[in-house]
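A note on names: the letters A, B, ... follow the listed sequences, proteins ahead of strands, and every chain is numbered from 1. None of the values given here were measured: they were computed from a predicted structure.
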Number of protein chains: 2
Amino acid sequence: MTSTTRHCYDYPHPAVTTDVITFRVRADQLQVLLVRRANPPFQGRWALPGGFLDIDEDLEQCARRELAEETGIRVTHIEQLHTFGRPDRDPRERVISVAYLATVRQDDPAQPVAASDAAAVRWFPLDELPGLAFDHGQIIDKARQRLRDKLEYTSLVFQLTAETFTLGELQRLYEAIHGSPLDKRNFRKRMLGLGQIEETGHTRRNGKHRPAREYRIRHPQRVEYF
Amino acid sequence: MTSTTRHCYDYPHPAVTTDVITFRVRADQLQVLLVRRANPPFQGRWALPGGFLDIDEDLEQCARRELAEETGIRVTHIEQLHTFGRPDRDPRERVISVAYLATVRQDDPAQPVAASDAAAVRWFPLDELPGLAFDHGQIIDKARQRLRDKLEYTSLVFQLTAETFTLGELQRLYEAIHGSPLDKRNFRKRMLGLGQIEETGHTRRNGKHRPAREYRIRHPQRVEYF
DNA sequence: TCAAGTAAGTGTGATTGATACACCAAGGAT
DNA sequence: ATCCTTGGTGTATCAATCACACTTACTTGA
């Protein structure tokens, strides 16, 4: 079943797919969205949602479409991560995969629904990942690293928060993503000092405990740096 | 001449190419390597070196090979930049291009030699770029932005210097890349403070003027951050 | 040989950002 | 009422950044 097709100019063409690494934060842990493959190869294994590029479709549109088809999830932010193309990464044929990194807001109530090539869909905490199809483990590693890096010098975090948030929520989110605990006073000082966020004027109660001030990002703003 | 080929599973496959943005610094200006296209489309126009992916070839290997075939240039560093896939970016057929950013050392004596699909090869200063084929203008913009950004938080700059360099050379290189002049004393203090570089113990004379201390990077070191 | 030009080399003071660190208040659960 | 949990606050130290000017060594051309 090796297969390469030939272009009219006689160039054999690889297949092109997109895969989407979708992050969200729940219960103070970073999670990623996976689907269980309904079809070979790797039938029954967990994998990133994704699939073949339609011939007249933009790459990012393909990533969004495949994600929607297989999981029903619509993301708040998506950006290109890296293109993976090892010749042996798919046993069927040569496949080039353009990976996208996406985020869903913390308070997004949407439930994923398995469909199309997906036999099941689930959010997995990053430290409980199952064995993954293809090279998807490496792809997730790269995405995680990128997310961590971008925490430092972009406002990508605010694509993972709800539209409004408390400083406590924001701090727990930072801690979930890059692992280590942060000093509360220094964290707050820095966040407020950067001028990226502003008070909404409201307070919110966490269910338990005392009410906390609500913030939002000041400018709808560039999240894309590079 | 619209053409898409069909895979055995009946998916039409786009073509996949790599393009390489190769930077070097000469005469205190940043330059990029372009080829004049020998064949349609855009015959006679300047474009990035690059071409179709061989079906069993790694992406990065393809980038290096196409660069070598068309220009004879071997780079000191190469990394993936971004994948460009607008459906209309090539008039022939659907083409997905994986762009690579590469560097050549300042003192590399190699002369580019046009061959294969290239009718000519030339280094262009970034502010004298000719009209470019395809979306290569945008690709260069993105590469330039990436290079500027990476100046700040990686040691990518040391892939553009000679193996040894003076602080004056290094500063002019920084200034060439991100445009603005820098204060000499602050620049030197920072460079030495970061501990990335060390003296070789030699001095070098610039042809004119008094001899200057020679430096090199301390660790052969990670250039790749993300 | 002298004068002019160009790049190498050097230090300080002010400001800003980062870090370490401890206590009280308010609400919920028991 | 007690305990537990989270919200909220300030200061002192250190490191990094920035602005800023003069002297020396060598080359070139008058």
Could [X] and [Y] be called an ion pair, given the rule that one side-chain N must be under 4.0 Å from one carboxylate O?
X: A:Arg216; Y: A:Glu163; result: no
X: A:Glu57; Y: A:Arg65; result: yes
X: A:Glu79; Y: A:Lys150; result: yes
X: A:Glu69; Y: A:Arg64; result: no

Let me spell it out: for each of B:Lys189 and A:Thr166, pick the nucleotide of DNA chain D with the closest heavy atom. Which residue's pick is nearer the 5' end? A:Thr166

Could you say whether A:Pro211 or B:Tyr215 is positioned toward the 5' end of DNA chain C, judged by the nucleotide with the nearest heavy atom to each? B:Tyr215

Would you please indicate if the ring centroids of A:Phe158 and A:Phe165 are separated by under 6.0 Å? yes

OP1 or OP2 of D:dA15 versus the side-chain N and O atoms of B:Arg190: is any pair under 4.0 Å? no

Rounded to the Å, how far apart are [X] [atom1] and [N] [atom2]?
X: B:Met191; N: C:dT10; atom1: CE; atom2: C1'; value: 18 Å
X: B:Phe187; N: D:dA16; atom1: CZ; atom2: P; value: 17 Å
X: B:Lys184; N: D:dA19; atom1: NZ; atom2: C1'; value: 15 Å
X: B:Gln171; N: C:dT6; atom1: CD; atom2: C1'; value: 14 Å
X: B:Leu167; N: C:dT10; atom1: CG; atom2: C1'; value: 12 Å
X: A:His209; N: C:dT30; atom1: NE2; atom2: P; value: 12 Å
X: B:Arg204; N: C:dA7; atom1: CZ; atom2: C1'; value: 14 Å
X: A:Asp183; N: C:dC21; atom1: CG; atom2: C1'; value: 7 Å

Considering only side-chain heavy atoms of [X], which listed nucleotide, [options], is closest?
X: B:Asn186; options: D:dG7, C:dA22, D:dC18; answer: D:dC18
X: B:Arg185; options: C:dG11, C:dA8, C:dA26; answer: C:dG11
X: A:Arg210; options: C:dT10, D:dC20, C:dA25; answer: C:dA25

Describe the nucleic acid contact of B:Arg188 in one word from base, sugar-phosphate, nothing, applying a heavy-atom distance below 4.0 Å. base

